[in-house]
Amino acid sequence: SNMYLFRNSNTQKGRRFGIDFEIAHPNYSRSEFKNIIENQYSHVAVKRDPSLRGDESEIIITDTYHTKDNEGVSLWKDIVATLINKGCQESPRAGFHIHWDTEGMTAKNVYNAIALWFNYSAIIDYALPKERRGSIVNIKKLTRRELGKLQRIARGEPELKHYLQYAQNLLGHCRELTVNAKFKTIEFRKQKATLDVAVIQNWIAFTQNIMKNAINRDSFIGLWTDGKKRYAKMLNTDIYANGSFAHTFRKVFQYYSGNQSQFNFWTRKAIENAQDTNTEDVIREIRKKITMANKSWNQSEYRNLSGYINQI
């Protein structure tokens, strides 16, 4: 199934993405590491970043090569295999940022991607490693006021280039999600740097689905109030109760994430990353209810569900 990350029916299959990948290389100095990696990959650059130590570097694909579709994912899987081979390690401070190209998008589409993130980031946090949750070092929260302003600009400013400039100025650089007007991208900055290719592959697909949902929306996405966002604390397991934790969890990890394998992957991560047994039990319960509600999802899995749920 790994080969079919982006199926032919995916309307955003060819949308380009760029990754900023931070990693520790304890066996090499930066210059040694830079030589090794850049000699092996003609389109890869190793850079330093002020937030990184001497044995940590940032890896990017240069502008001469456009990563997209399954080939782009394969290239990153290959790079990660090399990093593992060279004894590289995950650093707790390091991030795995993904930029999605906004080519062909309207100002409304860009706004909607940011709004989707704003509404659901507290739920997405459940599937992320603990150290990347909430408002952490160099990641400030998006505010409702900023987004209200961005929506007003999107209504009156049809020119995408100008809109991206406004968004970049307003959001600044260090956020969960940011806009780069120069490269015309939206950057998702929340995921932790990892050598787990399954996380990398699924996060590319997950963030692409946020882009896809933003592009497919005809109307402006309404912003949730902070009160409404407290659903995350209530942990209600009713998948049909609008605004409950379970209903919102379903929206994000079933409807927005794209397919059953995405749902299975991120709910498994949410269970692994649960901070207490109560949260873990709640997510298992929600997972069971959502899988039961989707009888079309692989009947054999449906029959084996009780055993399957207990294994994970």
Side-chain angles (χ1 to χ4, degrees), residues 5-6 9-21 43 58 60-73 75-76 95-121 124 139-143 146-191 200-223 252 256-258:
L5 179 66
F6 294 132
S9 56
N10 183 337
T11 54
Q12 300 303 318
K13 191 177 187 323
R15 185 165 294 278
R16 304 200 311 246
F17 61 86
I19 288 171
D20 306 331
F21 191 86
H43 303 296
E58 182 176 25
I60 59 160
I61 308 283
T62 61
D63 297 342
T64 55
Y65 186 82
H66 291 150
T67 36
K68 61 183 181 198
D69 205 350
N70 297 327
E71 298 89 67
V73 178
L75 175 59
W76 273 104
F96 162 57
H97 304 161
I98 178 160
H99 294 257
W100 280 101
D101 188 14
T102 60
E103 190 183 3
M105 290 172 70
T106 62
K108 182 197 281 179
N109 296 155
V110 171
Y111 169 81
N112 279 346
I114 302 170
L116 276 172
W117 184 271
F118 173 82
N119 284 347
Y120 299 116
S121 58
I124 295 168
I139 292 185
K140 298 198 291 288
K141 282 284 190 195
L142 290 166
T143 71
E146 290 166 339
L147 285 201
K149 206 166 174 182
L150 280 178
Q151 187 186 108
R152 285 195 297 278
I153 297 166
R155 287 181 189 279
E157 174 56 80
E159 180 63 50
L160 180 69
K161 197 174 66 166
H162 295 158
Y163 185 72
L164 294 173
Q165 196 58 62
Y166 282 123
Q168 180 178 303
N169 294 345
L170 203 62
L171 301 178
H173 182 58
C174 298
R175 304 281 171 147
E176 301 189 2
L177 178 148
T178 188
V179 167
N180 186 315
K182 182 183 167 195
F183 293 111
K184 300 189 176 61
T185 59
I186 297 177
E187 179 186 17
F188 296 85
R189 300 168 53 84
K190 204 74 198 277
Q191 187 59 265
I200 292 167
Q201 179 173 315
N202 282 294
W203 189 245
I204 293 170
F206 184 78
T207 52
Q208 195 231 31
N209 275 305
I210 293 177
M211 297 292 285
K212 196 160 54 180
N213 279 287
I215 290 165
N216 292 344
R217 280 293 276 267
D218 290 334
S219 55
F220 280 98
I221 286 171
L223 297 180
V252 173
Y256 287 157
S257 77

Donor-acceptor contact below 3.5 Å, side chain R217 vs main chain K108: no

K161 (side chain) donor-acceptor with K184 (main chain) under 3.5 angstrom: no

Neighbour count >12 (heavy atoms, 6.0 Å) for atom OH, Y166: no

Q208 vs N10, side-chain contact (heavy atoms from CB on, under 4.5 Å): CA-CA, chis, key distance, verdict: CA-CA 10 Å; Q208 195 231 31; N10 183 337; 3.1 Å; yes

Rounded distance (nearest 0.5 Å) linking atom OG1 of T67 with atom CG of L75: 7.0 Å

Check: D63 and F183 side chains under 4.5 Å, non-hydrogen atoms: yes

Straight-line distance of N213 CG to N109 CG, nearest 0.5 Å: 11.5 Å

Residue pair A154 / Y111: nearest heavy atoms and the distance that separates them: CB-CB, 4.3 Å

Worked check of side-chain contact (heavy atoms from CB on, under 4.5 Å) between K13 and N70: CA-CA 8 Å; K13 191 177 187 323; N70 297 327; 4.2 Å; yes

Intermediate values then yes/no, side-chain contact (heavy atoms from CB on, under 4.5 Å), Q168 and N180: CA-CA 6 Å; Q168 180 178 303; N180 186 315; 4.1 Å; yes

Parallel, tilted or perpendicular: rings of H43 and Y65 (30°, 60°): parallel

Least distance between heavy atoms, L177 atom then F188 atom: CD1-CE2, 3.5 Å

Reported CH2-to-CG distance for the pair W117 and L142, which is rounded to 0.5 angstrom: 9.0 Å

Donor-acceptor contact below 3.5 Å, side chain S257 vs main chain F206: no

Side-chain heavy atoms of W76 within contact of F96, under 4.5 Å: no

Minimal non-hydrogen separation, A167 against L150, with atom names: CA-CD2, 3.6 Å

Electrostatic pair R189:E187 at N-O distance under 4.0 angstrom: yes

Closest contact, heavy atoms only, A205 versus F6: CA-CE2, 4.1 Å

Atom pair CD1 (I114) and CD1 (I186), whose distance is rounded to the nearest 0.5 Å: 5.5 Å

D101 to R15 - nearest heavy-atom pair and separation: O-NH1, 2.7 Å

Stepwise side-chain contact (heavy atoms from CB on, under 4.5 Å) test for R152 and K149: CA-CA 5 Å; R152 285 195 297 278; K149 206 166 174 182; 3.9 Å; yes

Any donor-acceptor N/O pair, Y163 side chain to T106 backbone, under 3.5 Å: no

Side-chain heavy-atom pair T102, V179 within 4.5 angstrom cut-off: no

Atom pair CZ (F17) and OG1 (T185), whose distance is rounded to the nearest 0.5 Å: 13.5 Å

Distance (rounded to the nearest 0.5 Å) between I124 CD1 and K190 NZ: 8.5 Å

I210 vs W100 side-chain heavy atoms within contact, under 4.5 Å: no

K212 and T11, any side-chain heavy atoms less than 4.5 Å apart: yes

For A214 against A113, the heavy-atom pair lying closest together: CB-N, 3.4 Å

